[in-house]
Amino acid sequence: MGSIGAFIAGRKDVLSYLRYNTRSQIFAKSLPLIIVEGMLKRMEMLKSMPELRKKLWYNANKLQQGLKENGFDIGSTNSMVTPVYMKGDIPEATAMVLDLRENYGIFCSIVVYPVIPRGQIIYRLIPTAAHTDADIEDTLKAFTETKKKLDEGSYRAAEIPDMAEVN
């Protein structure tokens, strides 16, 4: 059950420095109440509605299998989080994710340099139990079409597109 937060990994001396010199993080902080309530509700749903868990895995497996069958590299995943590995730069990745959102109704996040090497993109899809077979088919179609545009250079740009622009 995803929520908010993060962690830092590193050498002991670096972690000690951060622990004692990053004032806003010196003392433990609790999660916002709305996050806690949401997680408790999800736990209650997991216990009382096993059909949702089955539907979630069905959707994740259908999406992942469909991506593989369409030639996409999704690496090795054993969770709902579905990575899609492609080649490109940051402006291209941003333009493609904007196209997916604005013209296909598909929301996904991107991972780019410096988190991964230059020239690589990871698109992250997270299916839910609420998605339908039609939603998954639409996602597969959208990724096939936008991958073709990416490969043809349609998303090449000198700058990162403004994601907040309204068309």
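Every heavy atom of this structure was used, including side-chain atoms; hydrogens, water molecules and symmetry mates were not.
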Checklist line | L100 vs F143 side-chain heavy atoms within contact, under 4.5 Å | finding: yes
Next item on the list: Answer whether the closest heavy-atom distance between the side chains of K41 and E44 falls below 4.5 Å.
Entry: yes
Next item on the list: Flag the pair V14 / R11 as yes when at least one side-chain heavy-atom distance between them is below 4.5 Å, and no otherwise.
Entry: yes
Item checked: ILVMFWY network linking M86 to I74, side-chain heavy atoms under 4.5 angstrom -> yes
List the atom pairs, donor and acceptor, that lie under 3.5 Å between side-chain atoms in residues 108-124 and the rest of the protein, sequence neighbours left out.
residue	atom	partner	partner atom	Å
Y113	OH	R118	NH2	3.3

Notebook entry, point to check: Are I34 and L40 connected in the hydrophobic side-chain network, where two residues link if heavy atoms are under 4.5 Å apart?
Noted result: yes
Checklist line | Pairs flagged by side chain to side chain donor-acceptor pair (under 3.5 Å) wherever residues 135-144 is involved - sequence neighbours left out | finding: T132-D135
Item checked: Heavy-atom closest contact (A60 atom, P127 atom, distance) -> CA-CG, 3.7 Å
Item checked: Distance in Å, K62 NZ paired with D133 CG, rounded so as to fall on 0.5 Å steps -> 4.5 Å
Notebook entry, point to check: Backbone N or O of G75 within a donor-acceptor pair of the D73 side chain at under 3.5 Å?
Noted result: yes
Next item on the list: Look at the side-chain heavy atoms of Ile, Leu, Val, Met, Phe, Trp and Tyr, link any pair under 4.5 Å apart, and say whether L125 and L140 land in one connected group.
Entry: yes
Notebook entry, point to check: What's the shortest heavy-atom distance between K147 and M96, and which atoms?
Noted result: N-CE, 4.1 Å
Item checked: Check: R101 and I106 side chains under 4.5 Å, non-hydrogen atoms -> no
Checklist line | Flag, side chain of D99 to backbone of A95, donor-acceptor distance under 3.5 Å | finding: no
Next item on the list: Check the hydrophobic clustering (I, L, V, M, F, W, Y; side-chain heavy atoms under 4.5 Å; chains of links allowed) and say if L63 and M80 are grouped together.
Entry: no
Item checked: Pairs involving residues 81-97, ordered by first then second residue, that meet salt bridge (charged side-chain N to carboxylate O under 4.0 Å, His left out) (sequence neighbours left out) -> E92-R156
Checklist line | Residue pairs involving residues 75-85 (criterion side chain to side chain donor-acceptor pair (under 3.5 Å); sequence neighbours excluded) | finding: Q64-T82
Notebook entry, point to check: For E152, which residues count as a side-chain hydrogen bond (donor to acceptor under 3.5 Å, both in side chains) partner, sequence neighbours excluded?
Noted result: none
Margin query: Check for me, please, whether F107 and I126 land in the same ILVMFWY cluster - side-chain distances under 4.5 Å, paths through other members count.
Written below: no
Item checked: Residue list, side-chain hydrogen bond (donor to acceptor under 3.5 Å, both in side chains) with K55, at least two apart or on another chain -> N59
Margin query: Heavy-atom count check: over 12 atoms from other residues, nucleotides or ligands less than 6.0 Å from K54 NZ?
Written below: no
